[in-house]
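What you see below is based on every heavy atom in this structure, not just the backbone, and it leaves out hydrogens, waters and symmetry mates.
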Amino acid sequence: MKTIRVYFNYKHVDEPWGGANNFIRALHNAMSRAGGFEFAESIEDSYDVLFLNQLSMGPASGSRISPLSRIRQARGDPSAGKRILVRAINLRRHSHGPTLRSWLRDISRNKLLNMADMVIFQSHYQKSFFTKYGYKGKHDAVIHNGADAAIFHDSGSAVWDGKETLRMVSSSMSLHSIKRQDLIAKVSECEGVEVSHMGNWPDSVDSRKVKLLGVLGQKEGAAVLRRSHVLLHPAVKDVCPNVVFEAICCGLPVIYNDGAGSGAEIVAENGLPINEGSVEQIVGRLKDRYRQLKEHVRQTQRYYSIDRAVAQYIEVFSGLVNR
């Protein structure tokens, strides 16, 4: 395979900055290790693929948004061979509802995806709402995210014996209500349960008995995951939550929300849906299934690693350049 030169429009940082930053950092590092890739320093440079995390320029660039005019100028004449590959993120109509403000905000996002040579959706659920709200492209792929198994691994992972306190952990950098912090707090008051939360917590939601750990680095977060028995992730409208991949790589089954979102698609047989009407039954439900879930997690962990995701991304990069 010839060397492929890529410009990453999203500039990541090493400190915690949410799921997109974690994934782009892991992807960039893994592609560096894989060989066969070079990385351009500037959008004005010469390269084969302009790779975008939608229009975000990333935290290392001040979290600015790229104007479409900048992307068009950087691409130049499409016949010259420079390709645009976009990793889709979200639409405001999906996260905030179909308001006029949402429609105006989403115009440039849809234009970007429709002018791209290739679009990567993070889940089938994500592709469904982009298609509903204006995506008309013909070249796309669904590639689930992945976690860095060098950091997120299950060596020393805790195993629940069904008798001790069930240690649950949740994680979110976002303060948006779709993360369902209210449900996390509700679960924390269940008998026999201890809930810890990594990341940010909204002032508007009573944390009840949740232990707020604040924002942690990746290695600290991985250690917390391994000390825990279960990931509690009741969010809705998540397109492809990185923390689920990190938790499964650390050996944890997942309690997810089977409402709108990618929860069931991503977790599959590695967890159980939360019953909002009877969260107090969560311990009993897990007692019946925990060992089985833990074993299924062990058998399927490979799929949740960044190595699988990178292999699929590399295939897309190669196919795009050789099209």
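- When each of H229, K294, R226 is tested with S157 by the rule side chain to side chain donor-acceptor pair (under 3.5 Å), just one qualifies, namely K294.
- In this structure, CG on N90 lies 5.0 Å from OG on S95, to the nearest 0.5 angstrom.
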- Begin with the C-alpha distance, continue with both residues' side-chain angles, and end with the deciding distance and a verdict on salt bridge (charged side-chain N to carboxylate O under 4.0 Å, His left out) for D106 and R93. CA-CA 7 Å; D106 289 340; R93 272 173 286 186; 3.1 Å; yes
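- Checked by atom type and distance alone, the side chain of D307 never pairs as donor or acceptor with a backbone atom of V310 at under 3.5 Å.
- E38 places none of its side-chain heavy atoms less than 4.5 Å from the side chain of V6.
- Judged by distance alone, the side chain of S305 and the main-chain N or O of R302 form a donor-acceptor pair under 3.5 Å.
- R64 contributes a side-chain N or O that, together with a main-chain N or O of S61, makes up a donor-acceptor pair within less than 3.5 Å.
- Linking Ile, Leu, Val, Met, Phe, Trp and Tyr residues whenever their side-chain heavy atoms come within less than 4.5 Å leaves I24 and L112 in two separate clusters.
- A donor-acceptor contact under 3.5 angstrom links the side chains of H233 and D238, judged on distance only.
- Of the possible donor and acceptor atoms, one in the side chain of Q301 sits under 3.5 Å from a partner among the backbone N and O of C249.
- A donor-acceptor contact closer than 3.5 angstrom links the side chains of N275 and S278.
- Residues S174 and N200 have side chains that never bring a donor and an acceptor to within less than 3.5 angstrom of each other.
- The shortest side-chain heavy-atom distance between K179 and K237 does not fall under the 4.5 Å cut-off.
- V142 and I266 are not part of a single hydrophobic cluster, where members link through side-chain heavy atoms under 4.5 Å apart.
- D154 places no side-chain N or O within 3.5 Å of a backbone atom of G251 that could act as its donor or acceptor partner.
- Of the possible donor and acceptor atoms, one in the side chain of S123 sits under 3.5 Å from a partner among the backbone N and O of Q126.
- The existence of a salt bridge linking R75 and D117 is confirmed by a sub-4.0 Å separation between a basic side-chain nitrogen and an acidic carboxylate oxygen.
- Side-chain contact, S102 with T99: a donor N or O sits under 3.5 Å from an acceptor N or O.
- Not one N or O on the side chain of D148 forms a donor-acceptor pair closer than 3.5 Å with the backbone of I306.
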- Message: Please evaluate residues R180 and E276 with respect to the criterion salt bridge (charged side-chain N to carboxylate O under 4.0 Å, His left out), reporting the C-alpha separation (whole Å), side-chain torsions for both, the decisive distance (0.1 Å), and the verdict.
- Response: CA-CA 11 Å; R180 295 306 305 271; E276 294 191 30; 3.2 Å; yes
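- Between V13 and P59 the shortest side-chain heavy-atom distance falls below 4.5 Å.
- Between S188 and A185, the shortest heavy-atom distance links the atoms OG-O, 2.5 Å.
- H296 and N270 share a side-chain donor-acceptor pair at under 3.5 Å.
- Between H124 and H144, the two ring planes are perpendicular [angle over 60°; tilted spans 30° to 60°].
- Aromatic ring pairs are classed by plane angle as parallel below 30°, tilted from 30° to 60° and perpendicular above 60°; the pair H96 and H176 is perpendicular.
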- Message: As a quick check of understanding, evaluate salt bridge (charged side-chain N to carboxylate O under 4.0 Å, His left out) for R83 and D48, giving each step before the final call.
- Response: CA-CA 6 Å; R83 306 299 188 190; D48 302 301; over 6 Å; no
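- Between the side chain of N114 and the backbone N or O of K111 there is no donor-acceptor pair closer than 3.5 Å.
- At a threshold of 4.5 Å between side-chain heavy atoms, the hydrophobic network of Ile, Leu, Val, Met, Phe, Trp and Tyr places I314 and Y10 in one connected group.
- The hydrophobic clustering, which links ILVMFWY residues whose side-chain heavy atoms are closer than 4.5 Å, places Y303 and V244 together.
- A distance of 10.5 Å separates CG in N22 from CD in E15, rounded to the nearest 0.5 Å.
- Hydrophobic side-chain contacts under 4.5 Å tie I274 into a cluster, directly or through other members, with V159, W160, L166, M168, L183, I184, V187, V193, V195, W201, V205, V210, L212, V230, L232, I255, L272, V279, I282, V283, L286, Y290, L293.
- In this structure, R5 forms no cation-pi arrangement with Y47, as its terminal cationic atom is not both closer than 6.0 Å to the ring centre and no more than 45° off the ring axis.
- At least one donor-acceptor pair closer than 3.5 Å links the side chain of K82 to the backbone N or O of A74.
- Other residues, nucleotides and ligands place no more than 12 heavy atoms under 6.0 Å from the CD atom of Q73.
- Side-chain heavy atoms closer than 4.5 Å link hydrophobic residues (I, L, V, M, F, W, Y) into clusters, and following such links, possibly through other members, connects Y7 to V119.
- Using a distance-only test at 3.5 Å, with no hydrogens or angles considered, no donor-acceptor pair links the side chain of N53 to the main chain of N21.
- Listed by chain and residue number, Y125, F129 satisfy the ring-ring contact (aromatic ring centres under 6.0 Å, His included) test with H94 (two or more places apart in sequence, or in another chain).
- The 12-atom threshold is exceeded at CD of E164, counting heavy atoms of other residues, nucleotides or ligands nearer than 6.0 Å.
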- ring-ring contact (aromatic ring centres under 6.0 Å, His included) between F121 and Y135, worked out: CA-CA 11 Å; F121 293 104; Y135 171 66; 5.1 Å; yes
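- Partners of F8 by ring-ring contact (aromatic ring centres under 6.0 Å, His included), not counting sequence neighbours, listed by chain and number: H28, F39, F51.
- No hydrogens or angles considered: nothing links the side chains of Q54 and R87 as a donor-acceptor pair under 3.5 Å.
- Between the side chains of R289 and Q292, at least one donor N or O lies within less than 3.5 Å of an accepting N or O.
- Ion pairing between E189 and R208 holds under the 4.0 Å rule for side-chain N and carboxylate O.
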